[in-house]
Structures are given as C-alpha cells and as structure tokens.
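For reference, the structure discussed in these notes is given below.
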Protein chains: 2
Amino acid sequence: MSDIFDELKFDANGLVPAIAQEQKTGEVLMLAWMNREAVAETLATGQVCYFSRSRNKLWRKCESSGQRQKLVDFRYDCDGDTVLLLVEQTGVACHTGRRSCFFTAIRDGQAVEIAAPLISPEELYGEPKM
Amino acid sequence: MSDIFDELKFDANGLVPAIAQEQKTGEVLMLAWMNREAVAETLATGQVCYFSRSRNKLWRKCESSGQRQKLVDFRYDCDGDTVLLLVEQTGVACHTGRRSCFFTAIRDGQAVEIAAPLISPEELYGEPKM
C-alpha cells in the first residue's frame, strides 16, 4: 500500500478531494474529502470512507444513513491531487434524499432544481442503520 | 448573476473545486478550481475558464493547447461548495494527451495505467492554438 501514498498529494490539511461516480450510470454523485486513513480504509474494506471536515473525523457513508458506497474502482489524476471513486451506491448519495448532490443547475441565469428527493431526510436519518 | 454568487461557497483562497464531465459519455475528465471571475466568465461565454493555482491567474482551457471545453450545463452541489460542469470537450482534457486526467487505477494494490495518450504533449503544446 506504500505505492498509493507515494503517488497521492494531500493538501496542507492532509486531505485530497474525492469524486464519487456511480459506475453503472456514470452519474457524478458527490465530492467529499479523504485523508490517508480514509484512503487506506477504503482500499482495505472496499467500502468508501471519507474524512468529514465539519466533524473532523472519518466518515463512513453507511454509519448515519445506511446509504453505503461499494468501491468498484479507485482512480487518481495525473497530478495525484484528486481521487475518482467508481462506486455502487445503495440508495441515495445526498443528505437531502436525492441520488446526486448536484441537483441544482444554472439555466437562463437562474438556479433550477433538476432532481427531486427519492426519500425524505427524516426517513434517511430517522433510525441509525448499519 | 447575483444568484449564483449567493449560492456558491468559495474557500479561504476564494476558490471552489470544479469537476468537468463529458456530457456525451459521462466520463469524468478532470478537476480544477474556479474563482468568482472564472465562474462569471464561464457562464457569460459558454467556454470553460478555471483559475490556475500554480500560475495564479485565469486559465482558459483553449489558450495553450486548443483543447476547448464548451459548457453544456453548470451545476453545483447541495452545500454550494463544489461545481459540476457538463462539457463538450474538444480533443483531450489531460496535459499528458489522454482524454481524461483519471488514467491511473489501483488494481490488486498496484497503480495501473488504464488509458493511453491520444496525442503527444509536444503535439498538444507545440504550437499555441486558439
């Protein structure tokens, strides 16, 4: 595993941005951040683990919502400063209950919602699931 | 245009990460950064403009390589801290001559190149094109 840590360039906070893309559809689901520990855990377990900047700790997608991301392929870019995770997303990726976090578009100069929630946040976070 | 600048959350350096995705294929091409000026120019012209952190100035994809990105849809995420650009990429997105910057994958614990250059960097940058 030393390989990957020679290649990845973490920023001053020890983080690298990670894009999650649904492998089956190509849909970009979200962008979050990983530290070395999150990268190591993701590669070791095959379940995606991020680092939460707001909570300042590891963030396993399944912990609070049951919305697991199974790793299909771990890629990084030519500069080694961004990760691309191809995943199989269980349920929705977004905390608002939408499949993707990118549900707002600028059309004719106005912000427009282009996707509706598939599940309510209450239902998503009501009962902690593992 | 005041709308978008109320919604987007730029970081301490005045930047927001922007993912470029090829609209036709769904391929994630690259991640770069935008400041307010780059966002405004991209929306005004329909040609993608980033902010280069290494050169500390606006970075129009076509300037040094002719590899233009035409904006198809401008989206941002639920937190307003990441942009997703759906684009039509002319030629390749990566400075190595590959279509996407994400051409390295970790497979069986080893870094593997999964895409070959379509054009040499010399050919790409040999003669400045507009």
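Keep in mind it's a predicted model, so treat the numbers as computed, not measured. In the text below, chain A, chain B and the rest are named by the order of the sequence lines, each starting its count at 1.
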| task | Decide, yes or no, whether a salt bridge links R53(A) with D81(B) under the criterion of side-chain N to carboxylate O below 4.0 Å. | result |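 The answer is yes: the pair qualifies as a salt bridge.
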| said: Can you confirm whether E37(B) is buried at CD, in the sense that more than 12 heavy atoms of other residues, nucleotides or ligands lie under 6.0 Å from that atom? | reply: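 Count not over threshold, so no.
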Heavy-atom pair of closest approach, residues [X] and [Y]:
| X | Y | answer |
| --- | --- | --- |
| F102(B) | V83(A) | CE2-C, 4.1 Å |
| I19(A) | L31(B) | CD1-CD1, 4.1 Å |
| G26(A) | Q21(B) | O-NE2, 2.8 Å |

| task | Let me know if I114(A) has heavy atoms under 4.5 Å from chain B in its side chain, its backbone, both or neither. | result |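 Looking at I114(A), just its side chain touches chain B.
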Indicate, with yes or no, if [Y] and [X] share a hydrophobic cluster defined by side-chain heavy-atom contacts under 4.5 Å among Ile, Leu, Val, Met, Phe, Trp and Tyr.
| X | Y | result |
| --- | --- | --- |
| F51(B) | L71(B) | no |
| V28(B) | W33(B) | yes |
| L86(A) | L43(A) | no |
| F10(A) | V48(A) | yes |
| M34(B) | L58(B) | no |

| message | Before you tell me yes or no, could you show the steps for Q110(A) and I4(B) under side-chain contact (heavy atoms from CB on, under 4.5 Å), namely the whole-Å CA-CA distance, both residues' side-chain angles and the distance that decides it to 0.1 Å? | response | CA-CA 8 Å; Q110(A) 299 298 320; I4(B) 178 75; over 6 Å; no
| Based on non-hydrogen pairs under 4.5 Å, which of F74(A), Y76(A), F103(A) is most in contact with chain B? |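 Counting heavy-atom pairs under 4.5 Å, the top option is Y76(A).
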| When only pairs under 4.5 Å are counted, which of C94(B), A111(B), C78(B), P17(B) shares the most heavy-atom pairs with chain A? |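 Option with the greatest count: C78(B).
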| message | Quick check on the interface: out of G80(B), S100(B), A105(B), who has the most heavy-atom pairs with chain A under 4.5 Å? | response |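 Most pairs with chain A among the choices: A105(B).
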| request: Any chance you could measure T104(A), atom OG1, to R75(B), atom CZ, to the nearest 0.5 Å? | output: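 With rounding to 0.5 Å, OG1 (T104(A)) is 10.0 Å from CZ (R75(B)).
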| query | Given T82(B) and M30(A), is the side-chain contact (heavy atoms from CB on, under 4.5 Å) satisfied, shown in steps? | reply | CA-CA 9 Å; T82(B) 305; M30(A) 56 183 285; over 6 Å; no
Measuring heavy-atom distances to chain A, does [X] have an atom under 4.5 Å in its side chain, in its backbone, in both, or in neither?
| X | value |
| --- | --- |
| R98(B) | neither |
| T96(B) | side chain |
| V112(B) | neither |
| L84(B) | both |

